[in-house]
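Worksheet for the structure shown next.
Atoms within a ligand are numbered from 1 in the order they appear, just like the ligands themselves. Fair warning: this is a prediction, and the values are worked out from it, not measured in the lab.
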Amino acid sequence: MRVLGIETSCDETGVAVYDTDRGLLAQALHSQVAMHQDFGGVVPELASRDHVRRVVPLISQVLASAGMELPELDGIAYTRGPGLAGALLVGASVASALAYALNKPAMGVHHLEGHLLSPLLSNPRPRFPFVALLVSGGHSQLFEVAGVGRYRLLGDTQDDAAGEAFDKTAKLLGLPYPGGPALAALAEKGKPGAAKLPRPMLGSGNLDFSFSGLKTAVLTLARRESGDASPSTLPESRKADIALEFQSAIVDVLASKAIAALEATGLRTLVVAGGVGANRELRARLVREMKAMGGEVFFPDLEFCTDNGAMIALVGALRLPSAHAEELGFSIKPRWELTSLAAP
Ligand code: KG4
Ligand code: ZN
């Protein structure tokens with residue numbers, strides 16, 4: 001079965017074809033980062049318009065590199081949610097129109113299920129059951145994953161997501177959007193231990209997170225040192241110290257809670273998904289910790305950590321064969337809980 005996947009939930013237009021026998025056949029991505037950079041964040045209306053411009057040429061490009069024609073597709077998967085409503089509508093409309101013309105099914109899939117299952121695109125693949133740490137721009141969650149569609153929420157953020165904390169703190173320090181990669185790059189120049197920030201909820205006794213206080217702690221620290229000026233006026237080397245400490249704080253909390261989730265469930269396999277999963281410090285720390293506990297950790301390849309069409313095509317391929325009528329209709333869900341999904 002060959003499924004076209006279309007991702008348009010936020011600021012990346014992603015398209016891919018996944019074959020259930022041969023794996024990923026082709027994929028293409030257009031990132032809107034440069035377009036939104038002047039505004040310091042994603043402008044929803046600009047995002048939708050850019051998806052409109054990019055999606056059809058990307059579909060042609062992906063089919064050409066897969067050596068396929070449209071009628072050879074067995075179905076089309078698009079991101080139904082969560083995400084920006086206008087942006088989601090672009091993918092839903094294009095997928096539904098194509099499906100209608102080809103007389104093939106179109107299925108709306110959950111963006112976070114795409115992230116959660118994206119390590120299945122890599123080799124070796126994790127085997128169910130596992131604990132998943134889902135850390136993206138909008139989510140910081142721990143799940144027990146028993147199989148496709150069998151997700152139990154173990155912990156969640158009470159306020160900002162990890163990626164959001166990276167983005168907001170980077171902005172405070174005067175770094176460009178998206179802040180995560182920029183802040184991580186700056187942190188490489190910092191001196192370990194030269195700044196001190198809290199580890200929110202580290203000893204909370206549960207698997208929940210809270211990251212908004214960390215951003216405030218950075219602001220307070222930077223204001224004290226800069227004589228109340230904006231943190232972005234601090235010398236570059238001091239910003240690097242703060243960036244390093246900020247990243248260490250997030251990594252400490254994410255890693256400890258992920259390990260605690262494994263201990264609580266008795267599982268020994270951890271999967272890390274979502275944009276923050278691209279963070280090198282987080283990866284290195286989890287590799288070390290999992291080795292020490294005799295477990296295994298899986299990360300999606302870097303290109304599948306952030307938003308992409310491949311993970312949407314993959315979920316479509318896993319779910320289309322047993323899709324119910326209500327999963328096939330045209331709809332978007334800008335807000336949508338992952339735990340509301342059923343197994344296929
Ligand atoms: O999963 P994703 O591409 O989009 C959402 O569904 O949210 O995640 C984007 C988030 C952004 O907040 C970005 O700053 C963060 O992932 N991110 C990183 C890194 N690369 C991307 N955060 C920390 N370190 C990175 N290397
Ligand atoms: Zn995402």
Side-chain angles (χ1 to χ4, degrees), residues 5-14 16 29-33 36-37 40-42 44 47 51 78-84 87-88 91 109-119 121 132-141 157 160-173 175-188 190 209 211-212 214-215 243-255 271-286 299-312 314-315 334-336 338:
I6 302 176
E7 155 63 36
T8 65
S9 68
C10 187
D11 59 348
E12 255 120 17
T13 319
L29 185 84
H30 175 77
S31 165
Q32 303 177 352
V33 162
H36 296 295
Q37 214 148 36
V42 179
H51 287 307
Y78 64 93
T79 305
R80 174 167 287 163
L84 301 168
L88 290 168
V109 310
H110 198 294
H111 180 80
L112 296 178
E113 182 168 50
H115 277 303
L116 206 67
L117 300 180
S118 60
L121 291 162
L133 172 66
L134 185 63
V135 273
S136 69
H139 295 82
S140 297
Q141 295 175 320
T157 183
D160 291 355
E164 191 178 359
F166 265 98
D167 294 339
K168 288 180 174 172
T169 303
K171 203 167 178 178
L172 280 180
L173 295 174
L175 300 175
Y177 153 88
L183 195 144
L186 182 62
E188 288 188 15
F209 306 98
F211 292 117
S212 75
L214 205 46
K215 171 195 68 202
L244 175 60
E245 173 66 2
F246 170 84
Q247 176 175 265
S248 303
I250 296 226
V251 167
D252 276 351
V253 176
L254 291 177
V271 158
V272 183
V276 182
N279 187 273
R280 297 216 324 235
E281 274 310 303
L282 179 65
R283 287 180 169 235
R285 168 76 174 268
L286 287 172
F299 303 95
D301 292 340
L302 280 178
E303 60 186 328
F304 304 129
C305 270
T306 44
D307 293 348
N308 64 83
M311 65 184 192
I312 303 305
L314 169 74
V315 174
R335 291 175 163 274
W336 192 7
L338 186 59

**Request:** Would you check whether H115 has a nitrogen or oxygen atom less than 3.5 angstrom from a nitrogen or oxygen atom of ligand 1?
**Result:**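 Yes, H115 has an N/O under 3.5 Å of an N/O on ligand 1.
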
**Asked** Taking both backbone and side-chain atoms of E12, is any N or O found less than 3.5 Å from an N or O belonging to ligand 1?
**Response**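 Among all N and O atoms of E12, none is under 3.5 Å from an N or O of ligand 1.
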
Is there side-chain contact between [X] and [Y], with heavy atoms separated by less than 4.5 Å?
| X | Y | value |
| --- | --- | --- |
| Y177 | D167 | no |
| R335 | P82 | no |
| N308 | E7 | no |
| L112 | Q141 | yes |
| Q247 | L282 | no |
| T79 | L88 | yes |

For [atom], closest protein heavy-atom neighbour:
| atom | value |
| --- | --- |
| atom 12 (O) of ligand 1 | D167 OD2, 2.7 Å |
| atom 4 (O) of ligand 1 | D307 OD1, 3.4 Å |
| atom 9 (C) of ligand 1 | G137 N, 3.7 Å |
| atom 24 (N) of ligand 1 | N279 ND2, 3.0 Å |
| atom 6 (O) of ligand 1 | H111 NE2, 3.2 Å |
| atom 22 (N) of ligand 1 | G180 CA, 3.5 Å |

**Shortest reach to atom 20 (N) of ligand 1 by a heavy atom, considering only G275, C305, G274** =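 Answer by nearest heavy atom: G275.
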
Of all the atoms in ligand 1, which lie at a distance below 4.0 Å from a heavy atom belonging to [X]?
| X | answer |
| --- | --- |
| G138 | 7 (O) |
| T306 | 3 (O) |
| G163 | 12 (O) |

**Atom pair NZ (K168) and CG (L183), whose distance is rounded to the nearest 0.5 Å** =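 It comes to 14.5 Å.
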
**Asked** Can you tell me how far the CZ atom of F246 sits from the CG atom of L244, to the nearest 0.5 Å?
**Response**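 Interatomic distance, F246 CZ to L244 CG, rounded to 0.5 Å: 11.5 Å.
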
**Asked** Taking the non-hydrogen atoms of Q247, is any one of them nearer than 4.0 angstrom to ligand 1?
**Response**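 Q247: no contact with ligand 1 (<4.0 Å).
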
**Request:** Give me the ring orientation class for F211 and F209: parallel if the planes are under 30° apart, tilted from 30 to 60°, perpendicular past 60°.
**Result:**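 Because their plane-to-plane angle is under 30°, the rings of F211 and F209 count as parallel.
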
**Message:** Parallel, tilted or perpendicular, judged at 30° and 60°: which one describes the rings of W336 and H110?
**Reply:**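 The rings of W336 and H110 sit tilted, inter-plane angle from 30° to 60°.
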
**Prompt:** Of D11, T8, T13, which meets side-chain hydrogen bond (donor to acceptor under 3.5 Å, both in side chains) against H51?
**Reply:**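 That would be T13.
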
**Message:** Tell me whether E164 contacts the main-chain N or O of G138 through its side chain, where contact means a donor paired with an acceptor under 3.5 Å.
**Reply:**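 Not at all, since once roles are kept as given, no pair shorter than 3.5 Å links the two residues.
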
**Prompt:** What protein N/O/S atoms lie closer than 2.8 Å to the Zn ion (ligand 2)?
**Reply:**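 Protein N, O or S atoms closer than 2.8 Å to the Zn ion (ligand 2): H111 NE2, H115 NE2, D307 OD1.
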
